[in-house]
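Positions are given from 1, in the same order as the sequence printed here.
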Amino acid sequence: MFRFAHPEFLYLLFILPALLLFHYYTVKASKRAIRRYGAPELIYSLMPERSGKRKLLKFSIVFAALTVMIFVIAGPQFGSKLESVKRQGIEVMVCLDVSNSMLAEDIKPNRLEKAKQMLSRLCDDLNNDKMGLIVFAGDAFTQLPITSDYISAKMFLTSINPAMVSTQGTAIGAAINLAMRSFTPDEETSKTIVLITDGENHEDDAVKAATEAAEKGVKVNIVGIGLPEGKPIPTGNGDYFKDNEGNVVITQLNENMCQNIAQAGQGLYVRADNTNSALKALQGEINKMSKSEVESKVYSEYDEQFPMLAWITLALLIIEFLVLERKNRLFRNVKLFS
């Protein structure tokens, strides 16, 4: 596994575009200054040892050296030893509805983005726990297998959109069944399912799936996202989704369905709005669960990779020092390619 020991130093990379702009400005300013004295061709003829290409080469070498140096101080490392570590925690499988109705903007900025924000903050609250992610619409797919790598979980969240699942609908039962198969097998760990949906277009027996999960000791917690009065669904091009008769489709939170699923799954139902009350209620429910021993595979040792990059930086700086800004008098008349 590759990582940076000090990833905060990678923000120094933002200096590089500013450095390019500064170099461009100084070159332009130099050319303007020469034009003030006379015709550039005449002035350059009086400076036979001048070499613009060498200046550009020296800048390019310094620019490359600075880029490599930033990666050096960020501390690149490769994991060299994988160990099994036992911790006290739980397993959480998140099922996220990505149907088109989740684009409705009754919850700001929209239902799906609000759900992703909630899950990102939920990751920050987890400690020594495992988390997996399932996306579903008319079908359900595993987006992230059960893991204790919260950084990867948050990274996967950013890429989620309705286009990930081609079949539209809301197959909640399929998502619950897939979540039950996604927990770590043969591990005596407290497990729970967190389902985030607007409850629309129900296509299978979600209540039965939630009941079976509860019978196996897995609670199904539901976060209903949206408002009962509903909103149109944006298409992304300034219009709204319409039915076959040309009427604008209004998507509404199916709160009764969500409550029935949560009751069957012996879990919590909470409705998300434009506040953080739903997140706090969900965090409280998860924190009440008894922690048990969770086994995770983690890298316990890392090999430093910066020495090789440091040697590259040193070599670039030596080359830059040896390259003169003007043509060498001894080789001024040597034309290798004439």
Side-chain angles (χ1 to χ4, degrees), residues 92-125 131-144 150 153-172 174-176 179 193-203 206 221-243 246-259 261-262 268-283:
V92 182
M93 282 302 304
V94 175
C95 302
L96 177 59
D97 188 347
V98 295
S99 56
N100 285 331
S101 59
M102 291 289 285
L103 297 176
E105 297 174 348
D106 46 357
I107 304 295
K108 300 300 180 182
N110 63 44
R111 295 176 182 178
L112 183 57
E113 289 302 317
K114 178 66 175 181
K116 289 159 67 172
Q117 291 171 9
M118 286 181 56
L119 291 177
S120 180
R121 295 187 61 180
L122 182 63
C123 286
D124 295 335
D125 190 61
M131 177 181 175
L133 179 61
I134 290 170
V135 295
F136 70 95
D139 203 352
F141 300 93
T142 300
Q143 177 73 358
L144 178 70
Y150 308 135
K154 296 179 73 170
M155 180 183 68
F156 277 105
L157 279 175
T158 61
S159 62
I160 290 176
N161 62 79
M164 299 179 68
V165 183
S166 58
T167 306
Q168 282 300 307
T170 310
I172 298 177
I176 295 175
I193 295 173
V194 175
L195 183 67
I196 303 179
T197 180
D198 54 22
E200 279 217 330
N201 300 326
H202 185 244
E203 303 190 7
N221 300 298
I222 309 290
V223 178
I225 192 157
L227 298 178
E229 53 268 29
K231 275 279 188 176
I233 307 171
T235 60
N237 57 7
D239 200 1
Y240 296 99
F241 280 96
K242 298 177 181 178
D243 59 22
N247 300 315
V248 175
V249 176
I250 303 297
T251 173
Q252 299 171 309
L253 170 64
N254 190 343
E255 198 158 31
N256 287 334
M257 176 60 67
C258 292
Q259 290 173 338
I261 297 172
L268 169 77
Y269 169 74
V270 60
R271 190 174 86 186
D273 52 23
N274 290 310
T275 68
N276 293 321
S277 57
L279 175 64
K280 292 178 180 178
L282 186 60
Q283 288 172 331

Contact check, side chains of V98 and N161, non-hydrogen atoms, under 4.5 Å: no

Nearest-0.5 Å distance that lies between atom CG in L112 and atom CD1 in I107: 12.5 Å

For T235, all residues meeting side chain to side chain donor-acceptor pair (under 3.5 Å), sequence neighbours excluded: N237

L195/F136 under side chain to side chain contact (heavy atoms under 4.5 Å, CB included): CA gap, chis, key distance, verdict: CA-CA 10 Å; L195 183 67; F136 70 95; 3.5 Å; yes

Gap separating the CG atom of N276 from the CD atom of Q283, nearest 0.5 angstrom: 8.5 Å

For the student: nearest non-hydrogen atoms of T197 and L253, plus distance: O-CD1, 4.3 Å

Test item: P109 and Q117 side chains (from C-beta on) under 4.5 Å apart, heavy atoms: yes

Side chain to side chain donor-acceptor pair (under 3.5 Å) against E113, all qualifying residues, sequence neighbours excluded: K116

M102 and N110, any side-chain heavy atoms less than 4.5 Å apart: no

Side chain proximity check, D239 to V248, heavy atoms < 4.5 angstrom: no

Sidechain-backbone polar pair: N274 side chain, K108 backbone, donor-acceptor under 3.5 Å: yes

Atom pair CG/CG of L144 and L133 - distance to nearest 0.5 Å: 6.0 Å

Side chain to side chain contact (heavy atoms under 4.5 Å, CB included) between I196 and D97, worked out: CA-CA 6 Å; I196 303 179; D97 188 347; over 6 Å; no

Minimal non-hydrogen separation, S159 against Q143, with atom names: OG-NE2, 3.9 Å

Minimal non-hydrogen separation, Q252 against E229, with atom names: NE2-O, 3.6 Å

N254 vs T170 side-chain heavy atoms within contact, under 4.5 Å: no

Where S99 and Q168 come nearest, the two heavy atoms and their spacing: CA-OE1, 3.4 Å

More than 12 heavy atoms of other groups within 6.0 Å of Y240 OH: no

Closest contact, heavy atoms only, A104 versus T251: CB-CG2, 3.4 Å

Heavy-atom closest contact (V270 atom, A278 atom, distance): CG2-CA, 3.7 Å

Beyond-backbone contact of V194 with C95, side-chain heavy atoms, under 4.5 angstrom: no

Check: I261 and I176 side chains under 4.5 Å, non-hydrogen atoms: yes

Rounded distance (nearest 0.5 Å) linking atom CG of L122 with atom CG of L119: 6.5 Å

Main-chain N/O of L227 paired with D106 side-chain donor or acceptor, under 3.5 Å: yes

Spatial distance of atom CZ (R111) from atom CD1 (I225) [nearest 0.5 Å]: 8.0 Å

NZ on K280 to CE on M118, rounded to 0.5 Å: 12.0 Å

